Amino acid sequence: MKNLNAGYGFLKVLWDVSIQIDRGEFVALVGPNGAGKSTTLKTISGLLPPQSGKITFDGQVINNQDCALNCRNGLSYISEELNLFTGMTVLENLEMGAQLLDDKNKMEENLQFVFELFPRLEERVGQYAGTLSGGERKMLAIARGLMSNPILVLVDEPSLGLAPQVTEEVFNALKVLNKKGVTILLVEQNVTKTLKFSSRAYILEKGEVVLEGPSSELITNDHVKQIYLGT
Amino acid sequence: MNDSSSAKVIEWLKSAGGITVTCTILVAIAVSFHKGPYVLVNTLVTGGMWALMAIGVSLLFGVMNISNFAHGEYFMIGSLTAYYIMNPLKQYLLETPNDFLSFITPILGIAGAAIVGAIAGIVTDKTIFAQLRKRNREGWLLNCFLITIGIQIILINVHMLVFGNTFKGVVNYWDVPSVAFGDVYVSVDRVVVFGIAMAAIVLFWYLMMYTSLGKKIRAVAQDENGARMVGIQVNGVYSTTFALACGFAALAGGSLLFMFPSYPTVGVAPLYNSWFIIILVGFGNVAGAVPGGFMIALFQVVTRTYMGEGWENVIPMFLIAMILIFKPYGIFATKVRSVWEQ
């Protein structure tokens, strides 16, 4: 992604943001409220058309490409609002996540995989998504995003509004996923935890990348310490 | 039936929906004893078709947030198509009788009506609503309201201009004796029309619940961005929804040609009826449209029988006003009501 400018209508949120993610990486994008983290993800996913700049995915320029088509190409976006189908059961939600797969066996395989990742979902397969608790919803949204065999997963604030141990569970699941070879771009406000789990990070402030580097280095950086870690 | 399910049934009977349905059935039985079973036959025939119309309006509202005030015009398109398929064939049959052709003529007419209606729906979506979706969604509800009113006016006037201001009807579909249920004689047309309505409703229910297309439509209705995120081409789903909804309206128009001859404003009464139904059962409630259709049909048939022609819209309107005062979200309101309110 290069020199990306994006925003809503007249409001410009991102100013020449450039991010580069290699295959198999676990990259984090952190920053304060209103820095443009979610906007970045929304723009990459295709829900929000960029104002200018270039987004390349797998060697292809995907500016202005519909979200549905990106999903077909292996890009999966898990939004902050989750966007679950609340009137459908957990299983139906997962099936919808896998609806691009032609192979029925592959779907079963993925289903087994996400149930392994989140055993809680297996207990609730027949329940309506609207009746799940906050943590379970988040798990379902992530699980649904994984059903389509994505190459790159964009996760927006998975820890938002979750109890600490549930957050831990979600982060661990992402780690497992990354070990399996899936590239992850994680957006978070919980800086300490994110930097511990990710391999590389970008710090976004007021719509610009102010710092970037391996997470282990960033965690000892003075700027980061001062602003985010409070030490 | 075990204890928990019977408890559920009793609980449902106590709810507003249960009370209304029970009252409707009781009224239907009482009236058919008092005035003869023809009342019931009329209710079933028109009720099924109003249900189809209301399913369409409800679907468009639930999936796309479009309040379609032009839905009656797709009914008109259906009746017009059926007339122009059936009438020439019937003329031809007068000169050269042919048993098979006379059997198949109404089927061709009704099927043609549904197909033309569905195509008209797709054209409407592609030419008007797809363009509107590309711009931003600000003021979507009001824009759609105005656009559909415009479509209604245009289609009514095009009909007047091209096909004239006359009644174009077919007296009966099949020249065969009526069927007897006990000592009640019902014309074959009515039986078939009722059958078509039921078959369409069952097929539609199956489509929505068990096929991947139905699941996609439900997914788009529940969360459009979520649907895009899992890779559903929402524009295609929207066009399909339009095709289904308008196809159903045209199917109703074609099926009821023997009761409602085609003329420019033939769709207005069915449009009002389907809006009555939607308000009665709650916005976006597709399943509720079916009992709602029969209820409204019964209201109208009963008021027409007891109070005379012309009152059939007044009494249902009054009853709906009452229901809305006490149950503003409709009688079948549940927690998961519609996309709109979530």
Side-chain angles (χ1 to χ4, degrees), chain A residues 8-10 41-42 45-49 64-89 91-102 104 107 128-131 137 140-150 153-156, chain B residues 58-59 61-63 65 130 133-140 205-241 282-288 332-342:
Chain A
Y8 308 93
F10 295 113
L41 283 203
K42 232 181 239 176
S45 76
L47 278 182
L48 188 70
N64 293 320
Q65 192 162 303
D66 189 62
C67 191
L69 216 69
N70 285 339
C71 179
R72 212 166 282 248
N73 293 338
L75 196 148
S76 179
Y77 170 54
I78 294 147
S79 68
E80 199 177 358
E81 307 92 64
L82 306 183
N83 295 96
L84 291 175
F85 308 127
T86 46
M88 290 171 136
T89 62
L91 189 66
E92 279 176 315
N93 266 280
L94 293 174
E95 277 173 7
M96 289 317 293
Q99 58 104 17
L100 287 175
L101 300 175
D102 300 324
K104 193 92 181 141
M107 197 195 97
Y128 283 103
T131 64
R137 279 178 198 223
L140 179 57
I142 295 174
R144 190 185 67 179
L146 300 181
M147 290 298 287
S148 58
N149 281 339
V153 183
L154 313 167
V155 196
D156 201 351
Chain B
S58 204
L59 198 62
F61 191 81
V63 178
N65 264 352
R133 278 198 298 274
K134 277 185 200 154
R135 303 165 46 144
N136 65 6
R137 297 286 184 96
E138 237 168 86
W140 172 261
W205 173 78
Y206 178 81
L207 178 87
M208 289 301 275
M209 295 310 286
Y210 298 107
T211 64
S212 85
L213 175 70
K215 281 182 183 171
K216 278 184 196 170
I217 294 178
R218 276 156 60 207
V220 173
Q222 285 167 25
D223 200 308
E224 193 200 321
N225 277 345
R228 288 168 72 189
M229 276 153 49
V230 298
I232 296 172
Q233 304 276 358
V234 277
N235 278 332
V237 171
Y238 283 149
S239 290
T240 322
T241 311
F283 278 89
N285 186 340
V286 176
F332 296 120
T334 51
K335 268 179 202 151
V336 186
R337 271 193 301 267
S338 75
V339 235
W340 207 35
E341 288 151 289
Q342 275 166 17

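These values consider heavy atoms only, across backbone and side chains, with no hydrogens, waters or symmetry-generated copies. Keep in mind it's a predicted model, so treat the numbers as computed, not measured. Each chain gets a letter, A, B and so on, in the order its sequence line appears, and its residues count up from 1.
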Student: Distance alone, cut at 3.5 Å: any donor-acceptor contact between the side chains of B/Asp223 and A/Asn83?
Tutor: yes

Student: Taking all atoms of both residues into account, what is the closest heavy-atom pair of A/Cys71 and B/Val230, and its distance?
Tutor: SG-C, 3.5 Å

Student: Given side chain to side chain contact (heavy atoms under 4.5 Å, CB included), test B/Arg218 with A/Met96 step by step and report yes or no.
Tutor: CA-CA 10 Å; B/Arg218 276 156 60 207; A/Met96 289 317 293; over 6 Å; no

Student: Work out which heavy atom in A/Tyr77 is nearest to a heavy atom in B/Met229; give both atom names and the distance.
Tutor: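 Where A/Tyr77 meets B/Met229 most closely, the heavy atoms are O-CE, 3.3 Å.
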
Student: Please state whether the side chain, the backbone, both or neither of A/Glu95 comes within less than 4.5 Å of a heavy atom of chain B.
Tutor: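 Answer is side chain: those atoms of A/Glu95 sit under 4.5 Å from chain B.
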
Student: Might you work through the side chain to side chain contact (heavy atoms under 4.5 Å, CB included) test for A/Gln99 and B/Lys215, ending with a clear yes or no?
Tutor: CA-CA 10 Å; A/Gln99 58 104 17; B/Lys215 281 182 183 171; over 6 Å; no

Student: Salt bridge (charged side-chain N to carboxylate O under 4.0 Å, His left out) with A/Glu80: which residues, sequence neighbours excluded?
Tutor: none

Student: Please round to the nearest 0.5 Å and tell me the distance separating atom CG of A/Leu47 and atom CZ of B/Arg228.
Tutor: 5.0 Å

Student: I need the minimum non-hydrogen distance between B/Gly231 and A/Arg72, along with the two atoms involved.
Tutor: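 Shortest heavy-atom contact: O-NH2, 3.5 Å.
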
Student: Non-hydrogen atoms of chain B under 4.5 Å away: do they reach the side chain of A/Ser76, the backbone, both or neither?
Tutor: neither

Student: By a 4.5 Å heavy-atom criterion (distance strictly below it), what part of A/Leu84 contacts chain B: side chain, backbone, both, or neither?
Tutor: backbone

